[in-house]
2 protein chains.
Amino acid sequence: MAKKKKTTDAVEILRRRYIKDKKRKASLEAERVNAEVARMIYDLRTGADLTQGELAKLIGTKQSVISRLEDADYKGHSLSMLNRIANALNKKLNISIEK
Amino acid sequence: MAKKKKTTDAVEILRRRYIKDKKRKASLEAERVNAEVARMIYDLRTGADLTQGELAKLIGTKQSVISRLEDADYKGHSLSMLNRIANALNKKLNISIEK
DNA sequence: GACAAATATCACAATATTGCTATAATTATG
DNA sequence: CATAATTATAGCAATATTGTGATATTTGTC
């Protein structure tokens, strides 16, 4: 494939800046949600007066897994896992995309 | 390991029935959430007047992936994918566990 | 009906999440 | 301080999700 042409066009430069900015925002958004979910799990667990080991047993997994889920930097949250936790605590999982 | 003792105790029988019922409920709950999320994605996409192919391009994947996400029976929803969709549509993903 | 556009389905590779065990590190309790 | 209880980390296997391309099916238009 030919080499990409050098950009000298101001509009193109701004467009690329826009794209890059959008990606950065999306990435920050993801981090925000991950941290929020981690905190939510922690709050629910401690609110129910459970240790990580106890919650783990309730949903059929191990303590280390709960610890991982409560790590603010963890990126792997899934709806199925959130559902397992919600059910164990007799609550409901709600998802929405708005605004 | 020794064979599990035969259950003749009424309390034990009821407890097992309770556990089984709880598992069934959890399973139904998961199905409900999955279907809801699938529908939410469909509504957001059509609301934004996008084809599956267009939305796919916006989030950097393929049309078949969007089709899969909109299938009510799909069990693999992840927060990262929901985030990608929310960001592409300039909206925010909200998660809560309540009630 | 013919054709195009959009969606659904399939199969398989690539990647990510979860399960699991062991152990280190931290926190609570006497 | 010693000990137990709890939480954090690490590594790797098992499983699940996503990426991708090819093709079938459906839907809309003329």
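Just so it is clear: chains get the letters A, B, ... in the order the sequence lines come, proteins before strands, and each one is counted from 1.
Across the protein-nucleic acid pair, D49(A) atom CG and dA28(C) atom C1' stand 14 Å apart, rounded to whole Å. Taking atom CG on D73(B) and atom P on dT17(D), their separation rounds to 13 Å, with Å as the unit. Rounded to an integer number of Å, the gap from CD of E70(A) to P of dT18(C) is 14 Å. Rounded to an integer number of Å, the gap from K57(A) NZ to dG19(C) P is 16 Å. Atom CD1 of I41(A) is separated from atom P of dT17(C) by 14 Å (rounded to the nearest Å). Nucleotide dT18(C) holds its C1' atom 15 Å from the CG atom of L79(A), rounded to whole Å. Atom CD in Q52(B) sits roughly 5 Å away from atom P in dT7(C) (whole-Å rounding). Summarising the geometry, the separation between CG on D71(A) and C1' on dA16(C) is reported as 16 Å, rounded to the nearest angstrom.
Judged by distance alone, with hydrogens and angles left aside, the side-chain atoms of T51(B) form a donor-acceptor pair with the main-chain N or O of E54(B) at under 3.5 Å. A distance-only check finds no donor-acceptor pair linking the side chain of T46(B) to the backbone of D49(B) [under 3.5 Å].
Counting any heavy atom pair closer than 4.0 Å across all strands shown, S80(B) reaches no nucleic acid atom. Base engagement by S67(B) is indicated by at least one non-hydrogen atom pair under 4.0 Å involving a base atom.
Taking side-chain N and O atoms only, K62(A) has a distance below 4.0 Å to OP1 or OP2 of dT21(C). Contact check, Q63(A) against dA8(D): no side-chain N or O comes under 4.0 Å of OP1 or OP2. OP1 and OP2 of dA16(C) both lie 4.0 Å or more from every side-chain N or O belonging to R68(A). Listed pair S78(B) / dT18(D) meets the phosphate criterion, a side-chain N or O lying under 4.0 Å from OP1 or OP2. Between Y74(B) and the phosphate of dT18(D), there is a side-chain N or O to OP1/OP2 separation shorter than 4.0 Å. Between R84(B) and the phosphate of dG19(D), there is a side-chain N or O to OP1/OP2 separation shorter than 4.0 Å.
Comparing atom distances between the T61(A) side chain and each of dT17(D), dG19(C), dT7(D) picks out dG19(C) as nearest. Here the nucleotide nearest the side chain of L69(B), chosen from dT18(D), dT7(C), dT21(C), is dT18(D). Comparing dT6(D), dA8(D), dT20(D) by their closest approach to the side chain of V65(B) singles out dT20(D). Among the nucleotides dT18(C), dC20(C), dT7(C), the one closest to any side-chain atom of M81(A) is dT18(C). Minimum atom distance to the side chain of S64(B) is reached by dC10(C), of the listed dC10(C), dA8(D), dT9(D).
Between N94(B) and E98(A) the shortest side-chain heavy-atom distance falls below 4.5 Å.
Taking the nucleotide of DNA chain C with the nearest heavy atom to each of I66(B) and G60(A), the more 5' of the two is matched to I66(B).
Salt-bridge annotation for D21(B) and R24(B): present, with a side-chain N of the basic residue lying under 4.0 Å from a carboxylate O of the acidic one. We find that E29(B) and R32(B) are joined by a salt bridge, their nearest charged nitrogen and carboxylate oxygen being less than 4.0 Å apart. Between E70(B) and R45(B), at least one side-chain N (NZ, or NE/NH1/NH2) sits under 4.0 Å from a carboxylate O, which counts as a salt bridge.
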